[in-house]
Amino acid sequence: MVAILGFSREQITSAVQDMYTRVAEAPQSRFHFPVGYEALNALDYPVDQIEQLPDDIAASFAGVGYPFNGNAIRPGDTTLDLGAGAGNDSFLAHSLTGPNGRVISLDLTSAMTRKLRQRADEEGTTIDVIQANAEHLPFASASIDSITSNGALNLVPDKRRAVTEMFRILKPGGRLQLADVVIDRPVTVDCDSDPRLWVECVVGATVEENLLAMLEDAGFEDIRIVRSIDYFAHSPSRQTREVAESFGARSVEIAARRGSRAPGRLRLWMRRSHPRRWLTALGKRGFLGVTALGLALLTCYGLLAATVLLATLGVQLTLNIQLWSGGIGLFTALTVLAVAVGKRRHHQLAPTCTALAGACLVFFTLFVDYWIAVELAGFIMLTGAVIWDLVLRRRDEARRLGLTHS
């Protein structure tokens with residue numbers, strides 16, 4: 001898959017086109033992902049459908065799932081195959097839409113569109129082939145009945161824009177089926193020091209919850225994951241398999257339906273600002289420790305400062321000492337827990353021990369005997385532990401991606 005952090009849009013586009021030009025023109029080459037009949041069989045394409053495909057088209061298959069499990073295509077549909085590649089799914093979609101339907105194949109890579117166009121002409125198949133970008137779909141609004149996509153969104157720099165474009169061109173009630181790569185946690189290190197990562201790691205993929213949220217934010221309804229696949233287990237590259245495992249990378253097949261209208265700005269803002277979303281995002285990026293520590297410091301010193309400030313203005317505010325101390329203690333304990341969770345990533349116990357020692361000092365001042373120097377020492381140790389944990393997490397991530405050897 002293609003790394004997108006630290007690169008310009010032009011570099012990403014060039015990397016994608018270079019890789020998939022090779023898949024189109026030399027599918028027998030060694031790639032870090034399965035291609036051809038091996039991939040078709042691994043992803044459980046029915047044998048009778050595989051047998052329908054022209055050999056040269058099947059040889060350049062590079063999908064990540066079987067999107068037809070989404071059952072989005074109906075007879076008579078105008079169907080878009082987004083990121084069609086050599087056109088395997090376009091040929092299958094054509095058999096589903098029937099003589100009264102229309103299949104449009106869109107791909108970014110000229111070698112792929114050229115190969116598909118030539119084969120479609122030779123087969124006498126009425127498939128319209130277009131070279132275009134998923135972020136700017138060249139179709140009128142509400143002009144498409146169904147969309148199928150297989151391993152394309154992962155390669156798009158602006159995924160939210162692409163999802164919005166899919167919603168725009170679908171008719172109300174139109175159906176979407178897609179297979180794409182997702183990960184359990186986002187890549188947070190900068191990948192621009194090693195161009196190999198453009199086509200060797202999974203950082204172009206989206207966190208599963210974020211992908212579903214993007215579809216919902218755009219206005220899609222009835223969104224469901226039909227199947228999850230250990231796609232990278234079939235990779236011939238040991239490095240790719242290891243990196244994929246470390247990020248929980250896999251492919252999913254998703255089905256959805258276009259709603260009648262896109263959500264308004266207020267509704268969209270309420271969705272995006274929901275605490276569940278940003279807490280999940282903070283956790284997956286390793287920032288829960290920072291958040292918990294910040295809340296502990298805010299509760300401890302922020303409320304105290306606010307009380308003093310209000311008193312100078314003539315407003316008397318009495319703090320409930322038990323609730324105040326309990327709040328500080330709760331956020332302190334959550335800080336230690338967040339740091340301890342990081343041990344699963346970097347396997348270092350020292351940050352957790354440091355956090356525990358700092359928490360003990362804070363708890364001593366809260367519940368035994370107050371000494372400001374002890375309290376400050378406790379928070380300093382907690383801060384050091386949180387920063388230490390973050391540094392180790394990023395270092396481990398860079399090592400897994402191979403950046404430390406570039």
Side-chain angles (χ1 to χ4, degrees), residues 63-74 76-84 89 93 96-97 101 103-106 132-184 186 204-229 250-274 276-278 280-281:
V64 301
Y66 181 63
F68 296 95
N69 281 329
N71 295 316
I73 302 174
R74 305 284 187 270
D77 272 3
T78 295
T79 297
L80 171 65
D81 185 1
L82 182 62
D89 288 354
L96 294 173
T97 60
V103 174
I104 306 170
S105 300
L106 182 146
N133 191 316
E135 297 171 5
H136 304 280
L137 297 176
F139 308 108
S141 299
S143 60
I144 302 294
D145 295 299
S146 54
I147 295 175
T148 184
S149 181
N150 197 344
L153 195 59
N154 151 70
L155 306 175
V156 177
D158 191 344
K159 295 168 177 54
R160 190 172 294 277
R161 175 67 179 262
V163 170
T164 301
E165 279 287 272
M166 286 191 277
F167 180 89
R168 179 186 66 81
I169 67 170
L170 275 173
K171 297 176 182 178
R175 300 164 301 279
L176 168 68
Q177 62 180 38
L178 68 86
D180 218 276
V181 176
V182 295
I183 47 181
D184 282 336
T206 311
V207 174
E208 182 178 296
E209 293 92 336
N210 293 349
L211 177 56
L212 299 178
M214 271 192 273
L215 291 167
E216 183 182 13
D217 289 347
F220 284 96
E221 300 174 350
D222 298 333
I223 305 164
R224 66 188 189 280
I225 294 179
V226 180
R227 186 173 65 140
S228 182
I229 312 159
R250 61 197 176 279
S251 56
V252 291
E253 297 161 356
I254 297 175
R257 178 177 54 82
R258 185 200 190 276
S260 58
R261 65 179 62 184
R265 291 185 178 182
L266 177 61
R267 185 179 175 191
L268 191 58
W269 178 83
M270 291 178 65
R271 282 180 180 175
R272 293 181 180 177
S273 61
H274 194 286
R276 175 177 53 84
R277 281 204 187 181
W278 56 262
T280 300

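For the atom pair CG of Leu80 and CD1 of Ile73, the computed distance is 10.0 Å after rounding to the nearest 0.5 Å. In this structure, the separation between CZ on Arg224 and CG on Leu215 is 12.5 Å, given to the nearest 0.5 Å. With rounding to the nearest 0.5 angstrom, the CG atom of Leu153 is 5.5 Å from the OG1 atom of Thr206. The CD1 atom of Ile104 sits 10.5 Å away from atom CG of Asp81, with the distance rounded to the nearest 0.5 Å. The distance from the CG atom of Leu211 to the CD1 atom of Ile183 is 11.0 Å, given to the nearest 0.5 Å. In this structure, CE in Met166 is found 12.5 Å from CZ in Arg161, a value given to the nearest 0.5 Å.
Checking Arg74, Arg175, Lys171 one by one against Asp145, the side chain to side chain donor-acceptor pair (under 3.5 Å) holds for a single residue, Lys171.
Between Asp217 and Arg160, some side-chain heavy-atom pair lies under the 4.5 Å cut-off. At least one side-chain heavy atom of Ser228 sits less than 4.5 Å from a side-chain heavy atom of Val252. Within the 4.5 Å cutoff, the side chain of Arg250 has no heavy atoms near those of the Ile229 side chain. Looking only at side-chain heavy atoms (C-beta outward), Leu82 and Leu137 come within less than 4.5 Å of each other. Taking 4.5 Å as the limit, every side-chain heavy atom of Glu165 sits out of range of all side-chain heavy atoms of Glu135. Using a 4.5 Å cut-off on side-chain heavy atoms (C-beta onward), Ile254 and Gln177 make no contact.
A side-chain N or O of Asn150 and one of Asp89 form a donor-acceptor pair less than 3.5 Å apart. No hydrogens or angles considered: a donor-acceptor pair under 3.5 Å links the side chains of Ser146 and Thr79.
The two atoms that bring Ala84 and Ser105 nearest to each other are CB-CB, 3.7 Å, heavy atoms only. Nearest heavy atom pair, residue Gly65 against residue Ala179, reads CA-CB, 3.7 Å. In terms of heavy atoms, Pro172 sits closest to Ala142 at CD-CB, 4.2 Å. Residues Gly70 and Val226 approach most closely at CA-CG2, 4.4 Å, considering heavy atoms. When all heavy atoms of Glu208 and Ile225 are compared, the closest pair comes out as OE2-CD1, 3.3 Å. Looking at every heavy atom in both residues, Leu178 comes nearest to Leu176 through CD2-CD2, 3.7 Å.
Judged by distance alone, with hydrogens and angles left aside, the side-chain atoms of Asp180 form a donor-acceptor pair with the main-chain N or O of Asn154 at under 3.5 Å. The main-chain N or O of Phe139 is found under 3.5 Å from a side-chain atom of Arg168 such that the two form a donor-acceptor pair. In this structure a side-chain-to-backbone donor-acceptor pair under 3.5 Å is present from Ser251 to Val64.
Taking 4.0 Å as the cut-off between side-chain N and carboxylate O, Glu221 and Arg257 count as a salt-bridged pair.
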Go through the steps for Ile147 and Leu170 under the test side-chain contact (heavy atoms from CB on, under 4.5 Å), then give the verdict. CA-CA 8 Å; Ile147 295 175; Leu170 275 173; 3.7 Å; yes
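Here Phe167 pairs with Phe220 under the ring-ring contact (aromatic ring centres under 6.0 Å, His included) rule; sequence neighbours left out.
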